[in-house]
Protein chains: 2
Amino acid sequence: MQNDCKNCPFNSKAASMLSDCSFDQLSENHLVLKFKKGDSIIKQGMYSTNVVFLRTGLAKIHLAGPYHEQIVKLVKAPTYLGLPTTFGDKINQYSVTAVSEVEVCFIDVEVFQTILNENHAFSHEIVLELCRNELESFHRCANRTQKLLRGNMADALLEFSDKIFMSDTFTLPLSQVELANLVDTSRESVSRILTEFDKDGIIQLKGKEIQITNKKSLQLVSQNG
Amino acid sequence: MQNDCKNCPFNSKAASMLSDCSFDQLSENHLVLKFKKGDSIIKQGMYSTNVVFLRTGLAKIHLAGPYHEQIVKLVKAPTYLGLPTTFGDKINQYSVTAVSEVEVCFIDVEVFQTILNENHAFSHEIVLELCRNELESFHRCANRTQKLLRGNMADALLEFSDKIFMSDTFTLPLSQVELANLVDTSRESVSRILTEFDKDGIIQLKGKEIQITNKKSLQLVSQNG
DNA sequence: ATTATTTTGTGATATGCATCACATTGTATA
DNA sequence: TATACAATGTGATGCATATCACAAAATAAT
């Protein structure tokens, strides 16, 4: 647990907007922590008075569904986490767990809110991010419920490739159980679909290593369900 | 199309927070319109530079899914609509359609943003609402995908009863097709489940009139899927 | 290294729900 | 009031995918 994060902007854009005053204030009032894969960063149901800024790494946002854990989405640094908690009743409404090595800043709500009030550009940034999240949520939900399994798996793979790793080759950041909870299926179906994609020549599987060999096809699968 | 909305607070809470100055500014810069059931208030894909404040009535938020229109949720006045649009590229990312008679204020983004900057309490309100929406979205999505049809229909009915109409007796605000698009099923299944609930003595159906005769059961159905 | 434990692959079977098809009722229009 | 059109009720059938039941790998623990 260090407290030496003078050079830890919340994100490059936001930092450049902070007045010297508020930036100092911020730097003096948060901690930087490292987590390793699998560590819990935010725990649903726990009391908390911190906003979390994910500096580096990957994390999953997940919550208890009626029958099993639901992974809402994979998030990549830089991003804020736990805003709903801190503005609400200070009880975490979802969990966040590290999916890779991760660096995180915990910022006290009070401080965060002060800066939000002091700095229009910053608060505008935040409102913007929240709006984007809402939209993304709408579309994600519509897609997941309307598409068939193949379509949803294709979407997940495309997101990994295009949004998370920026590469056609990557190692799956989630286990099959997790993938199932992300894509709303059973673990068995994940396995089957993945080998199916492999046989179809769309991807090439070597353990958890994936290479998308035919992105066009994958995009087609995404559209046809 | 009137412009005489001096007495149109965006909502009672927000209005009380506005300084006289910003409130005047606001009143002079928005319109009040009435819509009737079925009228489109916001059209996905259209250019717009207004934030919409729903003063009275009910509306549905919906968007084009990959295979059919998806109703995201039913919203009740007072609430803001179209925030993501105005903060983004000014293209509506979802549609909003009146489900009852509705009164609406269109507020120019510029004005809205000015007030957002001037008034901390107000912007705090907005951030709070956006956070709530995000959470609601997460839970809604987890529920919809994990529960079976009976559970989802039960949820919809309970929401109408508890959140929208505040009564055990109400007339369904949506057609069966719409209900199907809200609850992620086919129209036929909506019909079947509804009559099933009736036969089970959980509700009593007379056309579009519904009375929830056994709320306990309905809550149980909601939990058991 | 060896054993224990978790993760993954794959068949067989069961089931919830979509889809198709059409009758029926309700509601707008001429 | 008659006619067209939209919304609803209900059966029969098919299909996508969950579930069950193991085997096989891979990973972790001893």
Side-chain angles (χ1 to χ4, degrees), chain A residues 36-39 65-71 97 99 143-157 171-200 203-210 221-222 224-225, chain B residues 36-39 60 65-71 99 143-157 171-200 203-210 221-222 224-225:
Chain A
K36 43 187 199 310
K37 187 183 165 112
D39 285 350
Y67 299 106
H68 57 80
E69 200 71 7
Q70 173 85 31
I71 300 183
T97 302
V99 161
N143 274 297
R144 284 220 195 123
T145 52
Q146 287 185 31
K147 285 185 185 175
L148 302 184
L149 231 174
R150 284 172 65 91
N152 283 324
M153 270 302 300
D155 282 343
L157 296 183
T171 74
L172 282 173
L174 301 174
S175 73
Q176 289 191 356
V177 180
E178 290 175 305
L179 277 173
N181 292 341
L182 175 70
V183 152
D184 302 312
T185 356
S186 64
R187 191 226 95 222
E188 293 92 325
S189 293
V190 169
S191 177
R192 275 186 257 267
I193 301 280
L194 245 31
T195 57
E196 210 174 291
F197 282 173
D198 187 306
K199 275 172 193 153
D200 295 350
I203 64 172
Q204 209 170 326
L205 265 173
K206 269 178 258 152
K208 309 209 64 141
E209 300 280 326
I210 279 201
V221 172
S222 154
N224 294 331
Chain B
K36 41 188 199 314
K37 186 181 167 118
D39 285 351
K60 61 171 180 178
Y67 299 107
H68 57 81
E69 200 71 7
Q70 174 84 30
I71 299 183
V99 161
N143 275 297
R144 284 221 193 123
T145 51
Q146 288 185 30
K147 286 185 184 173
L148 302 184
L149 230 174
R150 283 173 65 90
N152 283 324
M153 270 301 302
D155 282 344
L157 296 184
T171 74
L172 282 172
L174 301 174
S175 73
Q176 290 191 354
V177 180
E178 288 175 306
L179 277 172
N181 292 341
L182 174 70
V183 153
D184 302 310
T185 359
S186 64
R187 192 227 93 221
E188 292 91 326
S189 292
V190 170
S191 176
R192 274 188 256 269
I193 301 279
L194 245 30
T195 58
E196 212 173 291
F197 283 174
D198 187 305
K199 277 174 191 150
D200 294 351
I203 65 172
Q204 210 172 324
L205 264 173
K206 268 179 260 153
K208 309 209 67 139
E209 300 279 326
I210 278 200
V221 172
S222 153
N224 294 328

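So you know, we letter chains A, B, ... as the sequences are listed, proteins then strands, and number each from 1.
Between D:dA18, D:dT10, C:dG16, one nucleotide has an atom nearer to the side chain of A:L149 than all others, and that is D:dA18.
Atom-to-atom, CZ of A:R144 to P of D:dT17 comes out at 15 Å; the value is rounded to the nearest Å. Separating the NZ atom of A:K147 from the C1' atom of D:dT17 is a distance of 18 Å, rounded to the nearest angstrom. Nucleotide C:dC17 holds its C1' atom 17 Å from the OH atom of B:Y67, rounded to whole Å. What separates CG of B:D198 from P of D:dT8 is a distance of 15 Å, to the nearest Å. In this entry the distance linking CD of A:E196 with P of C:dT10 reads 11 Å, nearest Å. In this structure, the CD atom of B:Q146 is 17 Å from the P atom of C:dG16, given to the nearest Å. Rounded to whole angstrom, the span from the CG atom of A:L148 across to the P atom of C:dT19 amounts to 9 Å. Atoms CG (B:L194) and C1' (D:dG9) sit 11 Å apart, rounded to a whole Å.
Recorded end-axis angle for the helix from C:dA1-D:dT30 to C:dA30-D:dT1 stands at 50°, based on five pairs per end and rounded to 10 degrees.
A donor-acceptor pair under 3.5 Å is absent between the side-chain atoms of A:D155 and the main chain of A:S222, judged by distance alone. The backbone N or O of A:Y67 lies less than 3.5 Å from no partner atom in the side chain of B:K147, so there is not a single donor-acceptor pair. Under a 3.5 Å cut-off, the side chain of B:D39 and the backbone N or O of B:K36 do form a donor-acceptor pair. Of the possible donor and acceptor atoms, none in the side chain of B:E69 sits under 3.5 Å from a partner among the backbone N and O of B:N181. Panel note: side chain B:Q146, backbone A:H68; a donor-acceptor pair is recorded below 3.5 Å. The main-chain N or O of B:T145 is never found under 3.5 Å from a side-chain atom of A:D184 such that the two would form a donor-acceptor pair.
Applying the salt bridge (charged side-chain N to carboxylate O under 4.0 Å, His left out) definition to pairs two or more places apart or across chains, those involving residues 187-197 of chain A are A:R150-A:E196.
DNA chain D lies under 4.0 Å from at least one heavy atom of each of the following residues of residues 171-185 of chain B: B:S175, B:Q176.
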Distances under 3.5 Å between protein N/O atoms and the N/O atoms of nucleotides 25-30 of chain C, please, pair by pair.
none

Expected rows: protein N/O vs nucleotides 19-21 of chain D N/O, under 3.5 Å:
unit_1: D:dT19; atom_1: O4; unit_2: A:R192; atom_2: NH2; d: 2.9
unit_1: D:dC20; atom_1: N4; unit_2: A:E188; atom_2: OE2; d: 3.3

## Note on the structure
Its contact letters, B for base, S for sugar-phosphate only and - for none at protein heavy atoms under 4.0 Å, make nucleotides 23-30 of chain D read --------
